[in-house]
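Here is the structure we will look at.
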Amino acid sequence: MIHLTGHHCMKQKLKQIIEQALHSAYENGALSSESFPEIVIEIPKTVSHGDYASNVAMVSASIQKMAPRKIAEAIASHITDADNVIERVEIAGPGFINFYIRSNTWAGFLKEVHTQGGRYGAINIGQGRKIQIEFVSSNPTGPLHVGHGRGAAVGDSVANILAFCGYDVQKEYYINDSGRQIQTLGRSVFLRCRELMGESVFFPEDCYQGDYIRDIARQVIDQQGASLMDQSDEKAIMVCARFAAALILDDMKRDLESFGVTFDCWFSEQSLYDAGNVVDVIETYRNRNDIIYEKDGALWFNTSAYGDEKDRVVVRQNGQTTYFASDIAYHYHKFERGFEQVIDVWGADHHGYIPRVAAAIEAGGYNKDRFHVILVQLVSLLRGGVPVAMSTRAGEFVTLKDVLQEVGKDAARFIFLTRSSDNTLDFDLEVAAQKTNDNPVYYVQYVHARICSIVRKYTGTMATNIADDIDTSSLLNTPDDISLIKLLMKYPEIIRLSAELMEPHRITFFLMELASAFHGYYNRQRVLTDDDCLTRARLYLMTAVRQVIANGLSLLGVTAPESM
RNA sequence: GCGCCUGUAGCUCAGUUGGAUAGAGCAACGGACUUCUAAUCCGUAGGUCGCAGGUUCGAAUCCUGCCAGGCGCGCCA
């Protein structure tokens with residue numbers, strides 16, 4: 001049984017009231033049919049349409065063979081309100097039934113926020129199911145850049161949200177430490193080593209051009225000395241490759257940690273080869289109805305049989321496996337580890353890859369519905385509205401580390417989550433560093449700091465117990481109080497949606513809305529007054545707001561400062 | 001040519017899976033600090049929701065077809 005919080009609770013109550021009214025209206029002959037559609041209660045956009053509204057009369061029109069407004073009247077006149085929460089019911093527009101709730105009902109919901117505290121808003125939709133989310137997974141051939149930062153922010157936040165909603169979440173980073181790229185990395189470092197030792201070498205264009213390669217080469221020489229050159233080039237390149245990959249990986253871990261992102265598992269692609277998983281998978285599929293077959297001297301996967309637009313090569317003519325080959329083994333391996341659902345966070349430029357991975361999963365006997373890809377659109381980096389040149393090939397780019405140093409973790413994470421992943425994002429370093437209204441992270445954090453400040457100023461007892469012995473319902477019933485309380489009640493639905501749709505930006509937008517409502521309240525109402533009962537009631541409301549701000553920010557991976 | 005994403009106020013974007021009069025921030029204009037933090041607030045102005053059809057009580061939202069921009073269509077990763 002899922003515990004209902006916030007508006008869910010009230011909606012459920014109204015549903016039952018309407019159901020009852022429908023039945024008694026039918027029994028009294030006011031309605032022609034006993035069957036009715038599922039009752040939907042929604043919150044109208046404008047207060048003049050009540051606190052809650054139902055469209056049940058309009059949706060029932062064809063069943064009842066009556067005009068919507070007539071049905072609405074029949075329902076309204078048969079309503080019994082045992083708990084006495086409804087002030088009045090109105091029929092409006094094409095047949096909406098609008099409910100107006102007694103103003104002293106609302107404050108009662110604050111108790112939910114306070115008793116649930118850090119768990120307020122959590123809905124157990126995961127029910128302990130194992131779910132894996134893989135993100136960032138950048139090749140260890142160069143530093144992380146802003147695009148990776150966005151993927152990291154989205155992946156980590158989705159992981160937080162799912163864990164909050166009852167999933168058993170594992171966060172994983174897939175290390176592409178096998179294949180040609182790593183070979184190229186080794187070669188690049190090796191050539192720079194020789195250069196540093198006085199040789200004049202030709203440095204090919206397909207090698208990694210960035211300065212970080214020289215830094216790594218220097219460290220290789222420091223550690224290995226001239227002995228590096230005593231072995232064959234092939235071996236030396238291997239040494240350089242392993243050394244460089246480990247170093248870059250260490251840097252990535254450090255950068256991600258300072259970005260507030262940690263992983264439960266760093267999964268090596270090479271380990272799939274070492275354990276024979278890739279060979280095994282290929283062999284298995286070759287023996288099964290030509291899922292993998294030979295053509296033109298290469299091995300192909302029959303992905304088109306599973307909805308891909310054409311078949312894909314897994315082993316090339318030259319005998320080398322493709323990236324896809326290890327990905328088949330990898331995703332099969334994920335499901336074998338017992339995850340009920342597997343999520344990959346990818347850059348949107350890889351979207352064409354989805355059908356073939358889904359095909360591989362389906363061929364492996366797992367329903368592809370258990371696999372979900374979150375595509376994250378590209379980030380363009382700006383400084384004061386002017387695009388910052390980002391040339392990967394030339395090795396000139398602003399790294400994630402640079403961004404963090406310049407704007408800080410909180411601002412960076414928040415900004416990455418101010419847009420739906422479907423939209424491209426302009427990340428302006430100048431704006432992100434500003435502590436102004438342009439930069440909403442401070443707007444939201446400021447709410448937390450302000451409330452902390454008020455609480456500090458009040459020389460009272462523990463804030464959460466502040467209203468235990470007073471009647472908040474008679475003290476918190478102004479329009480300002482109620483609209484703030486209603487917003488807090490909306491939070492669980494925001495969490496549910498952001499979990500189900502895996503869209504953390506919904507939380508970001510909600511927090512900005514709540515912050516705006518708070519700041520308005522703060523400017524109109526005084527919290528600390530001469531009337532101690534009123535003061536404590538308002539503190540009760542304020543600390544509830546603070547709790548929700550803190551809960552939301554923590555899901556985004558942003559801190560909630562006590563002072564600013 | 002095919003596939004995916006996007007198109008909403010001058011700019012950047014939300015829009016609770018179909019609800020009533022489409023919202024917010026920035027920019028513009030006009031106001032509010034002897035006050036619990038002005039990193040704040042209040043007000044004004046700003047729209048053929050890319051275009052055209054369709055579905056129904058009702059469409060920014062769903063369907064079809066166009067238009068524009070971005071990304072992708074390797075025996076690369």
Side-chain angles (χ1 to χ4, degrees), chain A residues 7 40 42-46 48-49 53 55 57-59 61-62 67-69 92-96 98 139 141 176 178-182 184 295-300 309-310 312-324 326-327 347-355 375 377-378 385 418-426 428 431 434-447 449-458 490 493-494 496-498 500-501 505-506 508-510 512-513 515-516 518-529 535 538-539 542 563-564:
Chain A
H7 284 301
V40 176
E42 49 196 27
I43 297 163
K45 270 178 245 170
T46 53
S48 60
H49 293 134
N55 62 356
M58 282 130 73
V59 188
S62 58
R69 288 191 69 108
F96 285 104
N98 295 337
N139 296 331
T141 54
N176 296 115
S178 165
R180 217 190 61 193
Q181 283 192 117
I182 221 78
T184 305
K295 192 182 91 181
D296 304 333
L299 291 182
W300 297 70
E309 54 186 20
K310 59 182 177 186
R312 309 290 174 177
V313 169
V314 286
V315 182
R316 293 189 268 164
Q317 258 179 357
N318 65 10
Q320 289 184 332
T321 52
T322 62
Y323 182 82
F324 181 43
S326 49
D327 246 3
D349 51 340
H350 289 82
H351 75 266
Y353 208 77
I354 297 174
L375 290 176
Q377 292 289 333
L378 303 178
T418 50
R419 220 131 272 165
S420 84
S421 296
D422 289 339
N423 256 309
T424 56
L425 168 69
D426 289 338
D428 195 312
V431 174
Q434 274 171 7
K435 300 190 170 179
T436 66
N437 226 355
D438 282 346
N439 199 359
V441 61
Y442 300 112
Y443 184 76
V444 173
Q445 285 184 319
Y446 190 40
V447 174
R450 261 187 160 172
I451 297 172
C452 286
S453 173
I454 298 170
V455 171
R456 274 194 300 271
K457 200 138 239 161
Y458 180 76
K490 202 170 139 188
E493 284 193 52
I494 300 292
R496 181 181 60 81
L497 280 166
S498 61
E500 284 174 357
L501 304 173
H505 76 277
R506 288 174 186 275
T508 316
F509 277 92
F510 171 81
M512 292 192 281
E513 190 186 356
S516 171
F518 163 79
H519 286 307
Y521 186 97
Y522 182 91
N523 273 272
R524 279 187 298 274
Q525 309 281 350
R526 249 196 105 73
V527 177
L528 305 179
T529 64
T535 297
R538 288 187 174 167
L539 278 169
M542 291 297 104
S563 64
M564 286 171 76

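Both backbone and side-chain heavy atoms feed into the values below; hydrogens, waters and symmetry mates do not. Each chain gets a letter, A, B and so on, in the order its sequence line appears, and its residues count up from 1.
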Which sits closer to the 5' end of RNA chain B, Gly297(A) or Thr418(A), going by the nucleotide each is nearest to?
-> Thr418(A)

Side chain of Arg450(A) - closest among rC76(B), rG19(B), rA38(B) = rA38(B)

Round to the nearest Å and state the distance from Tyr323(A) atom OH to rC73(B) atom C1'.
-> 17 Å

Looking for any heavy atom pair under 4.0 Å, which part of the strands does Asp349(A) touch: base, sugar-phosphate only, or nothing?
-> sugar-phosphate

Remember a base hit wins even if backbone is also touched, and classify Leu528(A) as base, sugar-phosphate or nothing at under 4.0 Å, heavy atoms.
-> base

Looking at every strand, decide which applies to Arg312(A) at a 4.0 Å heavy-atom threshold: base, sugar-phosphate, or nothing.
-> nothing

Taking atom P in both rG18(B) and rC75(B), what distance in whole Å separates the two?
-> 40 Å

Where the side chain of Tyr522(A) is concerned, which of rC36(B), rC4(B), rC41(B) is the nearest nucleotide?
-> rC36(B)

Reckon His350(A) touches a base, only the sugar-phosphate, or nothing at all at heavy-atom distances under 4.0 Å?
-> base

Under 4.0 Å between any heavy atoms, over every strand shown, what does Asp327(A) touch: base, sugar-phosphate, or nothing? Just pick one.
-> nothing

note: Asn523(A), atom CG; rA39(B), atom C1'; distance rounded to Å ~ 13 Å

Judged by atom type as modelled, is there a donor-acceptor pair below 3.5 Å linking the side chain of Asp428(A) to the main-chain atoms of Gly385(A)?
-> yes

Donor-acceptor pair, Thr535(A) side chain versus Thr529(A) backbone, under 3.5 Å?
-> yes

Heavy-atom side-chain proximity of Asn176(A) to Tyr323(A) below 4.5 angstrom = yes

Atom-pair distance (CD on Gln320(A); C1' on rA77(B)), nearest Å | 12 Å

Heavy atoms under 4.0 Å, any strand shown: does Gln317(A) hit a base, just sugar-phosphate, or nothing?
-> base

Considering only rA14(B), rU40(B), rC4(B), which nucleotide approaches the side chain of His519(A) most closely?
-> rU40(B)

Nearest-nucleotide check on RNA chain B, Tyr446(A) vs Ala92(A); residue mapping nearer the 5' end is Ala92(A)

Is the base of rU17(B) syn or anti, where syn means the angle lies within 90° of 0?
-> syn

Per atom distances to the Arg526(A) side chain, the nearest of rC42(B), rC36(B), rA77(B) is rC36(B)

Answer with base, sugar-phosphate or nothing: what part of the nucleic acid does Ala298(A) contact at a heavy-atom distance below 4.0 Å?
-> base

Indicate, with a heavy-atom threshold strictly under 4.0 Å, whether Glu513(A) touches base, sugar-phosphate, or nothing.
-> nothing

Kindly say whether Ala57(A) contributes a backbone atom to a donor-acceptor pair with the side chain of Arg69(A) at under 3.5 angstrom?
-> no

Given the P atoms of rU8(B) and rU44(B), what is the spacing between them in whole Å?
-> 25 Å

Give one of base, sugar-phosphate or nothing for Ala449(A), where a contact means two heavy atoms less than 4.0 Å apart.
-> base

Just by distance, do the side chain of Gln317(A) and the backbone of Asp296(A) share a donor-acceptor pair under 3.5 Å?
-> yes

Taking the side chain as C-beta and beyond, is there a heavy-atom pair between Tyr458(A) and Val527(A) under 4.5 Å?
-> no

Determine the interatomic distance between C1' on rC57(B) and the same-named atom on rC49(B); round to the nearest Å.
-> 22 Å

Across the strands shown, which category fits Ser62(A) at heavy-atom distances under 4.0 angstrom: base, sugar-phosphate, nothing?
-> nothing

Inspect the surroundings of CZ in Arg316(A) and state if more than 12 heavy atoms from other residues, nucleotides or ligands are less than 6.0 Å away.
-> yes

Per the atom types in the model, does the base of rA20(B) pair as donor or acceptor with the side chain of Asn98(A) at under 3.5 Å?
-> yes

Under 4.0 Å between a side-chain N/O of Thr322(A) and OP1 or OP2 of rC76(B), yes or no?
-> no

Inter-nucleotide P distance (rU17(B), rC66(B)), Å rounded = 31 Å

Rounded to the Å, how far apart are Lys45(A) NZ and rU61(B) P?
-> 13 Å

rC36(B) P sits how many Å from Leu539(A) CG, rounded?
-> 15 Å

Donor-acceptor pair, side chain of His519(A) and main chain of Tyr443(A), under 3.5 angstrom | yes

Anything below 3.5 Å on both distances counts as a pair; with that, list the stems of at least three consecutive Watson-Crick or G-U pairs involving RNA chain B.
-> B:1-7 with B:67-73, B:10-13 with B:23-26, B:28-32 with B:40-44, B:50-54 with B:62-66

Between rU8(B) (C1') and Asn423(A) (CG): distance, integer Å = 12 Å

Give one of base, sugar-phosphate or nothing for Thr424(A), where a contact means two heavy atoms less than 4.0 Å apart.
-> sugar-phosphate

So what does Tyr353(A) touch, heavy atoms closer than 4.0 Å: a base, only the sugar-phosphate, or nothing?
-> base

With P as the reference atom in both, quote the distance from rU16(B) to rC76(B) in angstrom, rounded to an integer.
-> 43 Å

Just checking Val59(A): base, sugar-phosphate only, or nothing, at a heavy-atom cut-off of under 4.0 Å?
-> base

Report yes or no: is the ring centroid of Phe96(A) under 5.5 Å from the six-membered base ring centroid of rG19(B), with the two planes under 30 degrees?
-> no

From rU37(B), rC71(B), rC5(B), nucleotide with atom closest to Asp422(A) side chain | rC5(B)

Rounded to whole Å, the NZ-C1' distance (Lys490(A) to rU16(B)) equals 7 Å

Say you pick atom C1' in rA52(B) and the same atom in rA59(B); how far apart are they, in whole Å?
-> 15 Å

Mind checking the P distance from rA20(B) to rU6(B)? Whole angstroms is fine.
-> 22 Å

Check: Arg506(A) main-chain N/O paired with Ser498(A) side-chain donor or acceptor under 3.5 Å | no

Nearest to side-chain heavy atoms of Asp296(A), which nucleotide of rA14(B), rC75(B), rC5(B) = rC75(B)

In whole angstrom, give me the gap between the C1' atoms of rU61(B) and rU56(B).
-> 15 Å

Closest nucleotide among rC5(B), rC57(B), rG15(B) to the Met58(A) side chain | rC57(B)

Pick base, sugar-phosphate or nothing for Leu501(A), based on heavy-atom distances below 4.0 Å to the nucleic acid.
-> base

